[in-house]
**Q** 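My questions all concern the structure below.
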Amino acid sequence: MRDTTISIAKGIAIILMVIAHAEAPGWLCKFIFEFHMPLFFITAGYFFSLKYLDDEATFVKKRVKGLYVPFVKWAVFFLIIHNWMFDLGILNETFGNESGGVTHPYSWHQMQQNLWTIVTAMGGYDAFLCGAFWFFRGLFVASILYLIIYKILYCGLSRLSQLPWLTKATPYLVCLLMLLLCGWKTYEDLRVINLIQGGYRDMMGCFFFGCGFIFRQFVESYRRATARLCISLPATLVFAVIVFLFSKYLTANMNWRSTYTQFLSLPLPALLGFLMTYNMSRWIDSTKGLLKRFLVYTGDNTLYIFIFHIISYKVVSLLKIWYYGLDPRQIGCHMVIHDYSQQDLFWILYTVAGVGIPLLGTWLSQRLKARFREYRASSAAQPQ
């Protein structure tokens, strides 16, 4: 029987991301930012297998197919429609992000340059329509970097020592190395010039990816221990309290401009936030209700929520413009309309749209594809 705990955890994480992007109350956003993006890297690392140490090509092909190709396809799509969004009024040069920044129509030269950047560096995407696309590059680089460093360390330790326990320490050494490099990078304000945004997210993503792989080795022991000691619920509450205290007094997230202090503040609440979410996911996975089916489906289709949640917000922005009598051009706000955002409950509607519209489109697409396959199969079965 399939263990859907990780799918549920991913479903919870993507919903939390949509809530945070919808400008929910400040305390809630800070709490979510402490762990929701690390959680995606951890769940990805959970499925890493050592068999890829001798089959690197297969691993890279999977990463290209699952991350690079979708990124390029949809980044180019939004690049093509960028200027059209101005014609439709979805984007404009008056309203933009909270700090006052706005976007502009692309010149022909800009479009060409963005295309080159999309293909060669996994950057250049439309920041106002594809603001979460950094994750595709982050996970792509982090996972391949993890494989490379793991193999180098493993092979090196195998040749230098005959002690089996030393080679078993490889996953811990990879994580330690990435933490040291990220600490050096943030302390000295260094940049990886080959990576868009300087590489902090990619390197921290590699650390969390490794944490996911390590957790997989002990997941059964973790489950048995929490069940035997009956501490699952108390531990989850303690994890939640610690994450909340970090969000209030030592706020950190995977911001590409993180300071050294923010770097130091990130790993503990991120890892505890994962364990908190994992415990909750286990409880939900033990049920058979609608909530479980919804979260499993959501977790299995996070890709489309990443891609389309921002454009889906525009539906609710239209409603908010009508409700408050706002300037219609505020539909161009990124990611949502900022007026009254900390006073009303429109963030709930934004969340419903940001999750529901992409999932509805995914479900309809899957149904149409299934019908088409059935039609082709029935047509092929009919005698000529």
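Start at 1 with the first residue, then count along the sequence. Computation of the quantities below employed the complete heavy-atom set of this structure, encompassing side-chain atoms and omitting hydrogens, waters and symmetry-equivalent molecules.
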**Q** Got a sec, which pairs hit salt bridge (Lys or Arg N to Asp or Glu O under 4.0 Å) with one end in residues 33-44, sequence neighbours left out?
**A**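 Listed by first then second residue: nothing to list.
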
**Q** With no hydrogens and no angle check, just 3.5 Å: does a side-chain donor-acceptor pair link S317 and Y350?
**A**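 A donor-acceptor contact under 3.5 Å links the two side chains.
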
**Q** Answer with yes or no whether the side chains of Q262 and R257 bring together a donor and an acceptor at under 3.5 Å.
**A**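 Result is no, nothing qualifies.
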
**Q** Quick one: hydrophobic cluster around I193, which other residues, with the 4.5 Å side-chain cut-off, linked directly or via members?
**A**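 Members alongside I193: none; it stands by itself.
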
**Q** Judged by modelled atom types alone, do D285 and T4 share a side-chain donor-acceptor pair under 3.5 Å?
**A**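 There is such a pair (donor and acceptor under 3.5 Å, judged by atom type) between the side chains of D285 and T4.
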
**Q** Could you give all pairs that pass the ring pair (Phe, Tyr, Trp, His ring centres under 6.0 Å) test and reach residues 218-256, with sequence neighbours left out?
**A**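 Residue pairs with at least one partner in residues 218-256: F215-Y222.
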
**Q** Tell me whether the guanidinium CZ or amine NZ of R137 lies under 6.0 angstrom from the six-membered ring centre of F133 and within 45° of its axis.
**A**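 Negative - R137 is either too far from the ring of F133 or too far off its axis.
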
**Q** Identify, with sequence neighbours excluded, every residue that meets side-chain hydrogen bond (donor to acceptor under 3.5 Å, both in side chains) alongside Q113.
**A**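 Here the qualifying residues are T117.
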
**Q** Determine whether the aromatic ring centres of F306 and F135 lie less than 6.0 Å apart.
**A**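 Close enough - the centres of the two rings lie under 6.0 Å apart.
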
**Q** Please list all pairs passing the salt bridge (Lys or Arg N to Asp or Glu O under 4.0 Å) test where one or both residues lie in residues 336-360, with sequence neighbours left out.
**A**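 Listed once each, the pairs are K320-D344.
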
**Q** Should side-chain heavy atoms under 4.5 Å link Ile, Leu, Val, Met, Phe, Trp and Tyr, which residues sit in the same cluster as F33?
**A**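 Reading the cluster by chain and number, F33 sits alone, since nothing else belongs.
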
**Q** Could you check whether the rings of F78 and F308 sit parallel, tilted or perpendicular, using 30° and 60° as the cut-offs?
**A**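 Answer is tilted, since the angle falls between 30° and 60°.
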
**Q** Are side-chain N/O atoms of H82 and D126 paired as donor and acceptor at under 3.5 Å?
**A**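 There is such a pair between these side chains.
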
